[in-house]
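Report on one structure; see the data block that follows.
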Protein chains: 2
Amino acid sequence: MASQRVPRPPRKPADQYHHGDLRRALLQAAVRTIQKNGVESLTLRAVGEELGVSRSALYRHFADKAALLGAVAAEGFRMLRLELLGAWERGGKGQRGFEAMGEAYVRFALQNPWHYRMMFASGFDADASDPALVEDGTNAFQVLVDALVEQQRQGLVRRDDPQALANFIWALVHGIAMLALDGPLQHKGVDVEALTRYAVERLRTGIAV
Amino acid sequence: MASQRVPRPPRKPADQYHHGDLRRALLQAAVRTIQKNGVESLTLRAVGEELGVSRSALYRHFADKAALLGAVAAEGFRMLRLELLGAWERGGKGQRGFEAMGEAYVRFALQNPWHYRMMFASGFDADASDPALVEDGTNAFQVLVDALVEQQRQGLVRRDDPQALANFIWALVHGIAMLALDGPLQHKGVDVEALTRYAVERLRTGIAV
DNA sequence: ACCTGAACACCGTTCAAGT
DNA sequence: ACCTGAACACCGTTCAAGT
């Protein structure tokens, strides 16, 4: 094989480097792509191109692709936490607020389907669970626990272990969300909002004093 | 570039072709690999190699990789259906059988984590939902609906729409399973069996007459 | 410190050719 | 009909080199 020298293509001038907060820009671009076309469609090449940056620039800011996805998921938990807290407070921190929380939870999942799936599918790729992700997830969960403790104080909810109650209720709304996104509810064209209201009503009977 | 003829490597003799039921063999090999190492680890090359077959032989039996994964998921729903039916019947087709069903559901997910995840993550890759998969999922769901109708007949469960009841309850057990596999329950080291029993108890209060 | 571009070791899928 | 092996167009990741 003759070793003919191939001239390198011109290098990008250094003053066109991204500089700025590339980490944040990468994260936002990733969220945008995933919201639009799903996780599968996210390639490091595409996200780099969108920001006018080489495909390996990312490695300065994230260990690998799984770390980027973990950061996207963590961002999702922070968004979810704000939605839940808002519903609880606007609803008056009582029974009505609690029901609004349940509906807000399911609505969040339906309005951000890909983002929501990722928040819980992160165990798929990253079994080395990202501690930041765990923390943001725990913080979102805590809103639910606090709301339950408050309702126990008001005599609205039976005085079982709040953690157990919260696990039980999170499982219910998470289950509705997942079945609506990927399960039989989707194919059967079930009215998810109606199901959510029904579930919240049955739940209330189940956890009342 | 000089076009030097590269001699083809010796072709596999035809009498060593797989023949037999290659479709079934591919399916079983895929299930085995996924159970052991997860979906991510499943490559067509590896499954072909395991069966001593070229990596494109698969395309005679499945449209593409997504179709193979869909078939794996469908197989999972058939397995789950048998587990649920067994628990319901052995438990005496009443309140005890119903609670056994709930516990059997969660146990199935915990014992077949990758397979279970796939059954519901199929929407990830294959948005063109496989009709066979939908049917097997529906059949598994029907066991739950039938059990509820029977309990209504016995006066054990309030006479709401059985479909709505079933959606509600499936969401609950699915949520427990998913949170146990990939969610906060995993990281916090929650006793999933205890949580399941607690959930079933609260559920009973919620759906009683 | 930050980013680049080439190289590496993988993928799924297609397709003409063999038996 | 069924299967093969090469080719194609992608990936994520690594790394020496540039500024």
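The model shown is predicted, which means the values in this text are computed figures rather than measured ones. A note on names: the letters A, B, ... follow the listed sequences, proteins ahead of strands, and every chain is numbered from 1.
- Counting to the nearest Å, the C1' atom of C:dA1 and the CZ atom of A:R23 are 17 Å from each other.
- Nucleotide D:dG5 forms a pair with C:dC15, judged by Watson-Crick or G-U wobble geometry with both contacts under 3.5 Å.
- Straight-line distance from the CG atom of A:L51 to the P atom of C:dC2: 16 Å, rounded to whole Å.
- Rounded to whole Å, atom P of D:dC2 lies 11 Å from atom CG of B:D21.
- The distance between atom CZ of A:F62 and atom C1' of C:dC3, rounded to the nearest whole Å, is 16 Å.
- Within a 6.0 Å radius of CZ in B:R78, other residues, nucleotides and ligands contribute more than 12 heavy atoms.
- OP1 and OP2 of C:dC2 both lie 4.0 Å or more from every side-chain N or O belonging to A:H61.
- A perpendicular orientation is assigned to the rings of A:Y116 and A:Y105, their planes being inclined by more than 60° (bins at 30° and 60°).
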Write down the protein N/O and nucleotide N/O pairs, taken from nucleotides 11-13 of chain D, whose separation is under 3.5 Å; answer none if there are no such pairs.
| unit_1 | atom_1 | unit_2 | atom_2 | d |
| --- | --- | --- | --- | --- |
| D:dG12 | OP1 | A:L44 | N | 3.4 |
| D:dG12 | OP1 | A:K65 | NZ | 3.0 |
| D:dG12 | OP2 | A:L44 | N | 3.2 |
| D:dG12 | N7 | A:R45 | NH1 | 2.6 |
| D:dG12 | O6 | A:R45 | NH2 | 3.4 |
| D:dT13 | OP2 | A:Y59 | OH | 2.6 |
| D:dT13 | OP2 | A:K65 | N | 3.0 |
| D:dT13 | O5' | A:Y59 | OH | 2.9 |

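- For B:N167 and B:Q163, the side-chain atoms include no donor-acceptor pair closer than 3.5 Å.
- Salt-bridge annotation for B:R32 and B:E50: present, with a side-chain N of the basic residue lying under 4.0 Å from a carboxylate O of the acidic one.
- The partner of C:dC10 is absent, by the rule that a Watson-Crick or G-U pair needs both atom distances under 3.5 Å.
- If you take CG of A:L26 and C1' of C:dC2, they are 13 Å apart, rounded to a whole angstrom.
- Summarising the geometry, the separation between CZ on B:R60 and C1' on C:dA17 is reported as 12 Å, rounded to the nearest angstrom.
- Ring geometry for B:F77 versus B:W170: interplanar angle over 60°, hence perpendicular rather than tilted (30 to 60°).
- Of the candidates A:L42, A:N112, A:V72, A:V31, A:M118 forms a side chain to side chain contact (heavy atoms under 4.5 Å, CB included) with just one, namely A:V72.
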